[in-house]
A.B. asks: 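Mind having a look at this structure? Questions to follow.
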Amino acid sequence: MGHRRAGDTLRRFYEVLDAAFGPQHWWPGETRDEVILGAVLTQNTAWRNVERAIDRLKSAKALALRSIRALDEADLAALIRPAGTYRVKARRLKALVSWIDARCDGDLDALFAKDAARLRAGLLGVPGVGPETADAIMLYAGSIPTFVVDAYTLRVLRRHFVIDEAAEYDDVQALFHCHLDRDPGVFGQYHALFVELGKRFCKPRANCDVCPLRDWAHDALL
DNA sequence: TGCCAGGCCGGGT
DNA sequence: ACCCGGCATGGC
């Protein structure tokens, strides 16, 4: 991959998208607990359905890690049902909360103060926490500057020939880590911009007639 | 009606 | 290392 051009292109993409869409205020969630729970609930799921599950947790006064800890797994599953794959997610939420408890006794300040690479490795060791979930938790709940790659990110970058079809999560993440300043605010906004672009102009099949990045479609890295 | 959504895991080859 | 089905709801 071209190295100098890579940074230029990624910065340019950001400028164009930021100008087109403005501040996105991600992650949508008022507390760190809510962000952490939402990161699992949104796995392969439309955010609309995640909101329903979050609303139900809120109504049950269970939108907190300590509530998840106290809830029976079957009851938790029933509460988060609108999010889909709810039995799987109930198990994953339980596992994640247990791990956080074991790690730092539920103290999120202590959790996120640890070495970032160690923290990420630890999160990846929790069954049901993959790279995107781990990075979303670290970035949006912990303000740790790790870049979140998701289906939208890959689709947008592939369609604009910034990455090839074979590029995987860590490859793409490394691209951003190498060429951009590690600013959690910028990383958070950038990821949000990819999602916004993906939803509006980069659907799985549709082409990108009025996509803000249209003029850059064939002028990228590879 | 089928495809999709802010993934991840386990089994098979 | 790669490929694939399962998980499951709700919207278009």
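We name chains A, B, ... by the order of the sequence lines, and we start the count at 1 in each one.
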A.B. asks: With pairs taken as Watson-Crick or G-U wobble and both distances under 3.5 angstrom, which stems of at least three consecutive pairs involve DNA chain C?
C.D. replies: B:2-5 with C:9-12, B:7-13 with C:1-7
A.B. asks: Applying salt bridge (Lys or Arg N to Asp or Glu O under 4.0 Å) as the test, list every pair that has at least one member in residues 108-118 of chain A; sequence neighbours left out.
C.D. replies: A/R32-A/D109
A.B. asks: Which residues pass the side-chain contact (heavy atoms from CB on, under 4.5 Å) test with A/R91, sequence neighbours left out?
C.D. replies: A/E73, A/V88
A.B. asks: Assign A/A151 to base, sugar-phosphate, or nothing according to its heavy-atom contacts below 4.0 angstrom with the strands shown.
C.D. replies: sugar-phosphate
A.B. asks: Between P on B/dG2 and NZ on A/K203, what's the gap in Å once rounded to a whole number?
C.D. replies: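 My rounded result for the distance is 21 Å.
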A.B. asks: Can you give me every donor-acceptor pair (side chain of residues 16-23 of chain A, partner residue at least two apart or in another chain, under 3.5 Å) with its distance?
C.D. replies:
residue: A/D18; atom: OD1; partner: A/Q189; partner atom: NE2; Å: 2.8

A.B. asks: Expressed as a whole number of Å, how far does the P atom of C/dG5 sit from that of B/dC4?
C.D. replies: 15 Å
A.B. asks: Using whole Å, report how far CG of A/L197 lies from P of B/dA5.
C.D. replies: 14 Å
A.B. asks: Provide the distance between the two P atoms, one in C/dG10 and one in B/dC8, to the nearest whole Å.
C.D. replies: 22 Å
A.B. asks: Scan residues 78-107 of chain A for pairs that pass ring-ring contact (aromatic ring centres under 6.0 Å, His included), counting only residues two or more places apart or in two chains.
C.D. replies: none
A.B. asks: Pull out every residue in residues 85-102 of chain A that has a heavy atom closer than 4.0 Å to any atom of DNA chain B, ordered by number, or say none.
C.D. replies: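 Those residues whose heavy atoms fall under 4.0 Å from DNA chain B, taken from residues 85-102 of chain A in numerical order, are A/R92.
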A.B. asks: Pick the nucleotide of DNA chain C nearest each of A/E168 and A/Q43; which residue has the one closer to the 5' end?
C.D. replies: A/E168
A.B. asks: Is atom CD of A/E30 surrounded by more than 12 heavy atoms (other residues, nucleotides or ligands) closer than 6.0 Å?
C.D. replies: no
A.B. asks: Show me the pairs that pass salt bridge (Lys or Arg N to Asp or Glu O under 4.0 Å) and involve residues 40-54 of chain A, at least two apart or across chains.
C.D. replies: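 Salt bridge (Lys or Arg N to Asp or Glu O under 4.0 Å) check on residues 40-54 of chain A returns no pairs.
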A.B. asks: Quick one about A/D101 and A/S98 (side-chain donor to acceptor, distance below 3.5 Å, no hydrogens or angles considered), yes or no?
C.D. replies: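 The criterion, which ignores hydrogens and geometry beyond distance, is not satisfied for A/D101 and A/S98.
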A.B. asks: Is A/R11 paired with A/E15 through a side-chain N to carboxylate O contact shorter than 4.0 Å?
C.D. replies: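 Here A/E15 does not pair with A/R11 in a salt bridge, since their nearest N and O are not under 4.0 Å apart.
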A.B. asks: Per the side chain to side chain donor-acceptor pair (under 3.5 Å) rule, what does the pair list look like for residues 127-140 of chain A, sequence neighbours excluded?
C.D. replies: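 Qualifying pairs: A/Q43-A/T133, A/R120-A/D135, A/D135-A/T146, A/D135-A/Y169, A/D135-A/Q173.
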A.B. asks: Please identify each residue that fulfils ring pair (Phe, Tyr, Trp, His ring centres under 6.0 Å) with A/Y190, with sequence neighbours left out.
C.D. replies: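 A/Y190: ring pair (Phe, Tyr, Trp, His ring centres under 6.0 Å) contacts with A/Y14, A/F147, A/F176, A/F194.
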A.B. asks: So which protein N/O to nucleotides 10-12 of chain C N/O distances come out below 3.5 Å?
C.D. replies:
residue: C/dG10; atom: O4'; partner: A/N49; partner atom: OD1; Å: 3.2
residue: C/dG10; atom: O4'; partner: A/N49; partner atom: ND2; Å: 3.2
residue: C/dG11; atom: OP1; partner: A/R52; partner atom: NH2; Å: 2.4

A.B. asks: Check this for me: A/D181, atom CG, are more than 12 non-hydrogen atoms of other residues, nucleotides or ligands nearer than 6.0 Å?
C.D. replies: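 Not buried by this count: 12 neighbours or fewer within 6.0 Å.
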A.B. asks: Taking side-chain contact (heavy atoms from CB on, under 4.5 Å) as the definition, give me every residue that meets it alongside A/D55, ordered by chain and number, with sequence neighbours left out.
C.D. replies: none
A.B. asks: For the atom pair CZ (A/R92) and CD1 (A/I80), what is the distance rounded to the nearest 0.5 Å?
C.D. replies: 10.5 Å
A.B. asks: Please work out which residues in residues 120-144 of chain A have a non-hydrogen atom less than 4.0 Å from an atom of DNA chain C and list them by number.
C.D. replies: none
A.B. asks: Let's see if you can work this out: which of B/dC3, C/dA8, C/dC2 has an atom nearest to the side-chain heavy atoms of A/R205?
C.D. replies: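 Closest nucleotide among those given: B/dC3.
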